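Chain identifiers are assigned alphabetically (A, B, ...) following the order of the sequence lines, protein sequences preceding nucleic acid strands; residue numbering begins at 1 within each chain. Here the structure is a predicted model, which is why all the values come from computation and not from measurement.
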Protein chains: 2
Amino acid sequence: MERVLRDAGALSTGAIVSESHRGASLSIGLSAVIIAATIDEPRVLTLRLGREPIEALPSGPLEIEHRTLEAGLRAWVERQTGQKLGYVEQLYTFGDRDRVETGETQPGRALTVAYLALVREARPGGAADAVWQNWYRFFPWEDWRSGRPAALEPIEEGLSRWSAQASTEAGRRLRKERVGLALSASWNDELVLERYELLYEAGLIDERRRDLGCPASGGGPTFGVSMAADHRRILATAIGRLRGKIKYRPVVFELMPPAFTLLQLQRTVEALSGVRLHKQNFRRLVEQQGLVEETGGISAATGGRPARFVRFRREVLLERPAPGLRLRAGRRLLSP
Amino acid sequence: MERVLRDAGALSTGAIVSESHRGASLSIGLSAVIIAATIDEPRVLTLRLGREPIEALPSGPLEIEHRTLEAGLRAWVERQTGQKLGYVEQLYTFGDRDRVETGETQPGRALTVAYLALVREARPGGAADAVWQNWYRFFPWEDWRSGRPAALEPIEEGLSRWSAQASTEAGRRLRKERVGLALSASWNDELVLERYELLYEAGLIDERRRDLGCPASGGGPTFGVSMAADHRRILATAIGRLRGKIKYRPVVFELMPPAFTLLQLQRTVEALSGVRLHKQNFRRLVEQQGLVEETGGISAATGGRPARFVRFRREVLLERPAPGLRLRAGRRLLSP
DNA sequence: CCCTAAATGCTCAAAGTGAGCATATTACCA
DNA sequence: TGGTAATATGCTCACTTTGAGCATTTAGGG
C-alpha cells in the first residue's frame with residue numbers, strides 16, 4: 001500500500017508486461033469504447049495510429065499504479081485523448097491466443113479487458129489523433145434507419161456461400177442456422193457481435209484475412225472499415241451491449257445534453273439502435289415512464305412547431321426497477 | 001487462503017504467475033461459479049479448503065497451454081472437481097488491488113476472470129472436497145420463497161446505522177438512497193451484487209472484516225456463510241446475472257433433466273429467482289412461448305394428479321428473438 | 001393566406017398480464 | 001367405499017401495454 005502511494009505519480013513506468021518462467025509473455029491491456037452521439041449519428045472515439053493510419057480504440061497496458069482496472073482505464077483514456085469519462089462499465093475480457101497478433105517473436109498472450117464509456121460532448125479529443133467516428137463506418141450493415149442497408153445483399157451472398165462450404169452436412173446446417181438467426185427477417189438489433197463473428201469467420205472482414213496472414217487483397221469483397229488488432233470485435237461487443245441496455249436502463253441520457261427535445265432523444269435512440277421508431281408511441285413511453293421533466297425552455301424551432309425542452313428525471317432511478325425505453329421498432333417502419 | 005489456492009494450482013507446470021520488472025507479482029486467475037438445481041434448491045459447486053474448511057470456488061491460474069480463457073477454465077474445473085461443463089459464459093473480471101488479500105510479502109495484483117457455468121447433474125464432484133451447496137447458505141437474505149427472509153430485519157437495521165454514520169450529509173443521503181434501491185419494497189431479485197456490496201461496505205459481511213484485518217469476531221453480527229478471497233462477491237455477481245438472464249433467454253433448461261414436469265420447471269425457476277410464481281400463469285407463459293413440448297411420458301405422481309413430462313423445444317431458439325420466462329413475481333405471493 | 005414541418009393529443013383494436021374460480025385425477029385413509 | 005389432500009389443467013375477466021394512425025396546433029416561409 002505504501003508502495004502504491006509512492007508510485008502514484010509516476011507515469012507509464014510500471015506497465016505490467018511480464019515474463020513467465022516459461023518464456024511466454026503476458027500483458028494485460030485496457031481498452032475503451034467511448035461513445036457519444038451527435039444529432040443524428042452515434043460516435044466512437046478512435047485513435048489514428050501508424051503511417052498509413054489504422055484506427056484503434058484508446059488503450060494501454062494495466063499498470064501497477066492503477067488501483068482498479070477502471071481507474072487504469074480512465075487514466076489511459078485521459079492521457080491519450082484528453083477525454084474525461086463519466087459512465088463506465090466493464091464489457092468483456094478477451095484472451096484468445098489465436099485472435100490477436102502480438103507482433104512478438106515469442107508465443108504470447110494478450111489479455112484485454114474492454115470497457116464501455118458514455119460521454120456527453122463530442123468535441124474532438126484533446127491530444128494526438130483522437131477523432132470521433134460514426135460507428136456505422138465500421139458496421140455499415142447495422143444501420144437500418146433508412147431501410148435495409150445495401151451491404152446486406154452481398155453479405156448474405158457471402159454468408160450463404162460460406163454456409164455451403166462447411167465440410168460436413170451437420171456443419172452446413174449449423175452455419176445456416178447461425179446465419180438465419182443473426183440476419184433473420186425480424187432484425188434483432190442486439191446481435192451485433194454475432195453478425196461480426198459470422199462475417200469474420202466467413203472471411204468477409206479484413207481483420208480475418210490479416211489474422212490469417214493473407215495478402216491484403218484477395219478473395220472477394222470485405223465489409224466496413226477495419227480496425228487495429230481485435231478492436232472492431234470489441235466495438236461490436238460494445239454496440240450490442242449498449243443497444244440492449246438502453247431498453248431497460250436509462251443510459252441514453254448519459255449521451256444527451258442537459259436539456260433536449262423529445263425528438264432529439266428519439267433521434268439519438270434511433271441512431272444507437274439503428275432502427276426507426278414510431279414517434280407518438282416513443283413520446284408516450286418516455287412520458288409515461290416519467291423519464292423526463294420539462295425544463296420550461298422551448299426549442300428554437302428547427303423546423304415546424306417549437307418543442308419543449310426536457311431533462312432527465314433522476315428520480316426514476318429510485319422509483320422504477322428497470323426504467324428504460326423498451327423500444328420495439330415499428331414493424332412498418334423497418335421495411336418501408 | 002491464497003496459499004491454499006496457489007498450492008492447488010501448483011500441480012501444473014505452465015501457470016502464468018509472473019514477475020514484472022518492478023517486482024510486483026501479477027497472476028491471472030480463472031474462477032468458476034458452477035450452478036445446478038435439485039428439486040427445490042439452487043446449488044453451487046464449492047471446494048472445501050484448509051484445515052478449518054473455508055469454501056472456495058473452483059479456480060486456478062491461467063496457463064500458457066490454455067488456448068482460450070474458457071478452455072483454461074474448463075480444464076481447471078475438470079481437474080479440481082471432475083465436472084464437465086456445458087453452458088459457460090464469462091461473468092466479470094475482478095481486478096481491484098484492495099479487495100483481495102494476496103497474502104504475499106510483495107504488493108501484487110490478482111486478476112480474476114470469473115465464469116458462470118450451468119450443469120445438469122448435481123452428483124457430488126468427483127475429486128477432492130468438491131461439494132454442492134445450497135447457494136442461499138451464502139445469501140440467506142435472497143430467498144423470499146417462503147416470505148420475507150428473517151435475516152432482513154437485522155440487516156436493515158445494520159444498514160440504516162451504516163447510512164447514518166456517513167461523515168457528510170450528502171454521504172448519508174447517498175447511502176440511504178442505495179439502501180432504499182437495493183432493499184426497496186418491490187423486491188428486485190437481480191440486485192444480488194448491489195446488496196452484497198452494501199452489506200460488505202457496512203461491515204455486515206465476514207469477508208469485509210477479514211480484508212480490514214479485523215479480529216475474527218467483533219462489532220455486531222454478520223450474515224451468511226463466508227467464502228475464500230472475494231469468491232462470495234463473484235457468486236453474488238453470478239446469481240444476479242443468472243436471475244436476469246432466465247427472463248430473456250431459455251437458460252433454465254440447462255439445469256433441467258431431459259424430461260421434466262411444468263411444476264418441476266417452475267420450482268427450479270423459483271429456486272433461482274428466490275420468489276414464488278403464479279402457477280397457472282407460469283404454465284400459460286411457458287406453453288404460449290412454445291418453450292416446451294410433450295414427451296408423451298407421465299410423471300409418477302408425486303402428490304396428486306400425475307403430470308405430463310415435457311422437454312425443452314430447441315426450435316424456439318430459431319423462432320423467437322428472446323425466448324425466456326419474463327416472470328414477474330405475483331404481487332400477492334411475495335408478501336403473504 | 002396557403003403550405004410544409006414538427007409537436008402534440010387522442011383513439012382503437014390486439015396482445016399481454018395478474019388473479020382467481022372451477023374441474024379433473026390420483027393416492028391415501030378412515 | 002366415500003372423503004380428503006394435493007396436484008394438474010382449463011378458462012374467465014378486468015386491466016395494461018402496444019402498435020398504428022388520424023386529427024389538431026403552432027411556426028416560418030413564400
Side-chain angles (χ1 to χ4, degrees), chain A residues 39-40 186-187 247-248 259-267 269-270 273 275-310 320-336, chain B residues 39-40 186-187 247-248 259-267 270 275-310 320-336:
Chain A
I39 324 286
D40 265 338
S186 63
W187 184 255
K247 290 171 195 161
Y248 63 96
F260 49 87
T261 69
L262 289 179
L263 185 60
Q264 280 166 22
L265 180 65
Q266 183 182 343
R267 291 285 175 247
V269 172
E270 290 175 338
S273 63
V275 294
R276 288 248 167 265
L277 303 171
H278 183 286
K279 187 168 174 172
Q280 295 93 318
N281 291 346
F282 178 81
R283 316 170 116 261
R284 176 174 64 185
L285 195 67
V286 173
E287 300 194 312
Q288 268 183 4
Q289 301 247 318
L291 287 167
V292 299
E293 63 192 356
E294 295 192 39
T295 65
I298 286 197
S299 92
T302 33
R305 170 173 171 179
R308 301 138 39 220
F309 271 126
V310 296
R320 317 178 124 275
L325 308 163
R326 25 184 176 359
L327 30 114
R328 311 198 182 168
R331 285 161 198 159
R332 287 296 158 66
L333 297 169
L334 260 182
S335 43
Chain B
I39 325 287
D40 265 338
S186 65
W187 184 256
K247 290 170 195 160
Y248 63 96
F260 47 89
T261 69
L262 289 178
L263 185 60
Q264 280 167 22
L265 180 64
Q266 183 182 343
R267 290 286 176 246
E270 290 175 339
V275 294
R276 287 247 166 266
L277 303 171
H278 183 285
K279 186 167 174 171
Q280 295 94 320
N281 291 347
F282 178 81
R283 318 171 115 258
R284 176 173 63 186
L285 196 67
V286 172
E287 299 194 313
Q288 268 183 4
Q289 300 247 323
L291 287 168
V292 300
E293 62 193 358
E294 294 190 40
T295 66
I298 287 197
S299 92
T302 32
R305 170 174 171 179
R308 299 138 41 220
F309 271 126
V310 296
R320 318 178 123 274
L325 309 164
R326 21 186 179 0
L327 31 115
R328 310 196 183 168
R331 286 160 197 158
R332 286 295 159 66
L333 298 169
L334 259 181
S335 42

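Atom C1' of nucleotide D:dT9 and atom CD of B:Glu294 are separated by 11 Å, given to the nearest angstrom. For the pair B:Phe282 CZ and D:dG10 P, the computed distance is 16 Å after rounding to whole Å. Separating the CD atom of A:Gln288 from the C1' atom of D:dT18 is a distance of 10 Å, rounded to the nearest angstrom. The separation between A:Arg267 atom CZ and C:dA6 atom P is 8 Å, rounded to whole Å. One atom, CZ of A:Arg305, and another, C1' of C:dT8, lie 5 Å apart when rounded to the nearest Å. The separation between A:Gln289 atom CD and D:dT18 atom C1' is 13 Å, rounded to whole Å. The distance between atom NE2 of B:His278 and atom C1' of D:dC13, rounded to the nearest whole Å, is 13 Å. Going from atom CD1 of B:Ile298 over to atom C1' of C:dT26 covers 11 Å, rounded to whole Å.
Judged by closest nucleotide on DNA chain C, A:Leu263 is the one of A:Leu263 and B:Asn281 placed further toward the 5' end.
Nearest heavy-atom pair, B:Gln266 versus B:His278, reported as atom, atom and distance to 0.1 Å: NE2-C, 4.3 Å. Closest non-hydrogen pair, B:Ser299 versus B:Pro306, comes out as O-CB, 3.6 Å. In this structure, A:Leu262 and A:Arg283 approach most closely via the heavy-atom pair CD1-NH1, 3.6 Å. Between B:Thr295 and B:Val310 the shortest heavy-atom distance is CG2-C, 3.6 Å.
The structure places NZ of A:Lys279 at 15.5 Å from CZ of A:Arg284, a figure rounded to the nearest 0.5 Å.
Distance from the side chain of B:Ala307 is smallest to D:dA8 among D:dA8, D:dG21, D:dT18. You'll find that the side chain of A:Pro306 is closest to D:dA27, out of D:dA27, C:dT25, C:dT17. Out of C:dG18, C:dT11, D:dT9, the shortest distance to the side chain of A:Arg284 is found at C:dT11. Closest to the A:Gln280 side chain, of the nucleotides D:dG19, D:dA23, C:dA24, is D:dA23.
The side chain of B:Arg308 contributes no N or O atom lying less than 4.0 Å from OP1 or OP2 of D:dA8. OP1 or OP2 of C:dA6 has not a single side-chain nitrogen or oxygen of A:Lys279 nearer than 4.0 Å. Note on B:Arg283: every side-chain N or O is 4.0 Å or more away from OP1 and OP2 of D:dA8.
Across all strands shown, A:Leu262 has no heavy atoms under 4.0 Å from either base or sugar-phosphate atoms.
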